[in-house]
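Below: one structure, written as structure tokens.
These numbers come from a predicted model, not from an experiment. A, B, ... follow the sequence lines: proteins, then strands. Residue 1 opens every chain.
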2 protein chains.
Amino acid sequence: MEKMNPVEMCDMSEVHEALIEKINRSLPDEDDIYDLAELFKIFGDSSRIRILCVLSVSEVCVCDLAAVLNMTQSAVSHQLRILKANRLIKGRREGKQVFYSLDDEHVRSIIAAGMEHLKEED
Amino acid sequence: MEKMNPVEMCDMSEVHEALIEKINRSLPDEDDIYDLAELFKIFGDSSRIRILCVLSVSEVCVCDLAAVLNMTQSAVSHQLRILKANRLIKGRREGKQVFYSLDDEHVRSIIAAGMEHLKEED
DNA sequence: CAAACACATGAACAGTTATTCATATGTTCA
DNA sequence: TGAACATATGAATAACTGTTCATGTGTTTG
């Protein structure tokens, strides 16, 4: 891939040129970064975090989720759809009900990593 | 964004009542969940992730960031402000330039946790 | 089959957000 | 002091997102 035309660069271009080269080589793939941002976007909503926390405790059906989280069934379903599409949870039908549970062990570790940052603040 | 709504619950209320009680007790504090979502919101933008990835390699000034990431200086500054306000990065002035670097070890672990999820997909 | 229930989903709306543009602040140096 | 440079920031705009409302799908049961 050809180098992007530097839109802006400070005067000491010679000095920082090498650094920029080095950084460009060690940056993750553009697509990976995009996917990563998309993933964190999923965690960037308290309703979804709450759902994940509940499912982290136990497999739960949709209406119980709505009850525990004090959300409408529709709102819960919309969020479950997003979580499922991103393979963070999975659904299991049992008669009229659908029970959801975590589909990825990393969900807990991602949440834990975020919590650590919060608990560290002064 | 979070609204109060009428509680919904499926018919088998007696069966799930105990489960709901248990879940309610083990859920994280409401404020913590909110803060956690706010934190992940920061990571939920590819421009900010890219900035964090760059700073994960080296301390870099604003105009070099703009050059590497092919963004305008203004756009970079706006994002740096957000990252700084959330204590993910810190700035160090050196003459006319300001050099930014990571301010939290957890930044790397949060990104790593997210990456693991992506790399796991079939 | 029809009714009741659990859940899913499309459309619309309100609130949020990242970027751009213009301009302000802060620093160095002639 | 004033010009040039590096960065910061306010306002405006376009794009995105979560919820609600209405309705559709799938399942059980009378």
Side-chain angles (χ1 to χ4, degrees), chain A residues 6-13 15-16 33-34 37-51 59-86 89-100, chain B residues 1-13 15-16 33-34 37-52 59-86 89-100:
Chain A
V7 181
E8 313 191 7
M9 194 173 318
C10 47
D11 276 356
M12 347 176 60
S13 42
V15 180
H16 300 164
I33 289 189
Y34 179 83
E38 290 302 304
L39 175 64
F40 285 127
K41 236 171 252 181
I42 308 296
F43 287 83
D45 176 78
S46 47
S47 292
R48 284 191 291 265
I49 294 257
R50 288 165 79 215
I51 290 176
E59 182 187 59
V60 177
C61 71
V62 179
C63 68
D64 280 354
L65 268 174
V68 172
L69 304 178
N70 199 35
M71 294 172 64
T72 66
Q73 174 265 314
S74 178
V76 171
S77 265
H78 277 296
Q79 300 301 353
L80 289 174
R81 188 172 193 268
I82 294 174
L83 293 170
K84 190 178 176 185
N86 286 271
I89 66 173
K90 62 189 172 197
R92 174 182 66 84
R93 176 139 231 153
E94 188 177 313
K96 287 180 288 188
Q97 306 185 78
V98 176
F99 289 85
Y100 282 92
Chain B
M1 195 161 289
E2 317 259 336
K3 292 184 65 175
M4 290 305 193
N5 286 304
V7 171
E8 308 192 8
M9 196 174 317
C10 48
D11 276 356
M12 347 176 59
S13 42
V15 180
H16 301 163
I33 289 190
Y34 179 82
E38 290 302 304
L39 175 65
F40 284 127
K41 235 173 252 182
I42 308 296
F43 287 82
D45 176 79
S46 47
S47 292
R48 284 191 291 265
I49 294 258
R50 288 166 78 216
I51 291 176
L52 292 174
E59 184 188 56
V60 177
C61 71
V62 180
C63 68
D64 279 354
L65 268 174
V68 173
L69 303 178
N70 200 35
M71 294 172 64
T72 67
Q73 174 266 315
S74 179
V76 172
S77 264
H78 277 295
Q79 299 301 353
L80 289 174
R81 187 171 194 267
I82 294 174
L83 293 169
K84 191 177 177 186
N86 286 271
I89 66 174
K90 63 189 171 198
R92 175 181 66 84
R93 176 139 231 155
E94 187 178 314
K96 286 180 289 189
Q97 308 184 75
V98 176
F99 288 85
Y100 283 92

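In terms of heavy-atom proximity, A:Ala66 sits nearest to A:Val76 at CA-CG2, 3.8 Å. When all heavy atoms are compared, the tightest approach of A:Ser46 to B:Tyr34 is CB-CA, 4.5 Å.
Aromatic ring pairs are classed by plane angle as parallel below 30°, tilted from 30° to 60° and perpendicular above 60°; the pair A:Phe43 and B:Phe40 is tilted.
Checking D:dT7, C:dA8, D:dT9 against the side-chain heavy atoms of A:Val62 singles out C:dA8 as nearest. Of the candidates D:dT28, C:dA8, D:dG10, the closest approach to any side-chain atom of A:Lys96 belongs to D:dT28. Closest to the side chain of A:Gln79, from the set D:dG18, D:dT7, C:dA18, is D:dG18.
Remark: the backbone N or O of A:Lys41 is paired with a side-chain donor or acceptor of A:Arg48 at under 3.5 angstrom. At distances below 3.5 Å, not a single donor-acceptor pair connects side-chain atoms of B:Arg81 with backbone N or O atoms of B:Leu83.
In this structure, B:His78 does not pack face-to-face on the six-membered ring of C:dT19, missing the 5.5 Å centre cutoff or the 30° plane limit.
Rounded to whole Å, atom C1' of C:dC7 lies 14 Å from atom CE of A:Met71. Residue A:Leu65 contributes atom CG, which lies 9 Å from atom P of C:dC7 at whole-angstrom precision. Atom CZ of A:Phe99 is separated from atom P of C:dA8 by 12 Å (rounded to the nearest Å). As a whole-Å value, the separation of A:Gln73 CD from D:dG18 P is 18 Å. Rounded to an integer number of Å, the gap from CZ of B:Arg93 to P of C:dT27 is 5 Å. Counting to the nearest Å, the C1' atom of D:dA14 and the CG atom of B:Asp45 are 15 Å from each other. In this structure, CD of B:Glu38 is placed 13 Å from C1' of C:dG15, rounded to the nearest angstrom. A:Leu69 places its CG atom 13 Å from the P atom of C:dC7, with the value rounded to the nearest Å.
Mapping A:Lys41 and A:Ala75 onto DNA chain D by nearest heavy atom places A:Lys41 at the nucleotide closer to the 5' end.
You'll find a donor-acceptor pair under 3.5 Å spanning the side chain of A:Ser74 and the base of D:dC21, going by distance alone.
Regarding contacts with the backbone of C:dA18, a side-chain N or O of B:Arg48 is found under 4.0 angstrom from either OP1 or OP2. Between B:Gln97 and C:dG26 there is no side-chain polar atom (N or O) within less than 4.0 angstrom of OP1 or OP2. Under 4.0 angstrom from either OP1 or OP2 of C:dA6 there lies no side-chain N or O belonging to A:Tyr100. Between A:Thr72 and D:dC21 there is no side-chain N or O to OP1 or OP2 distance below 4.0 Å.
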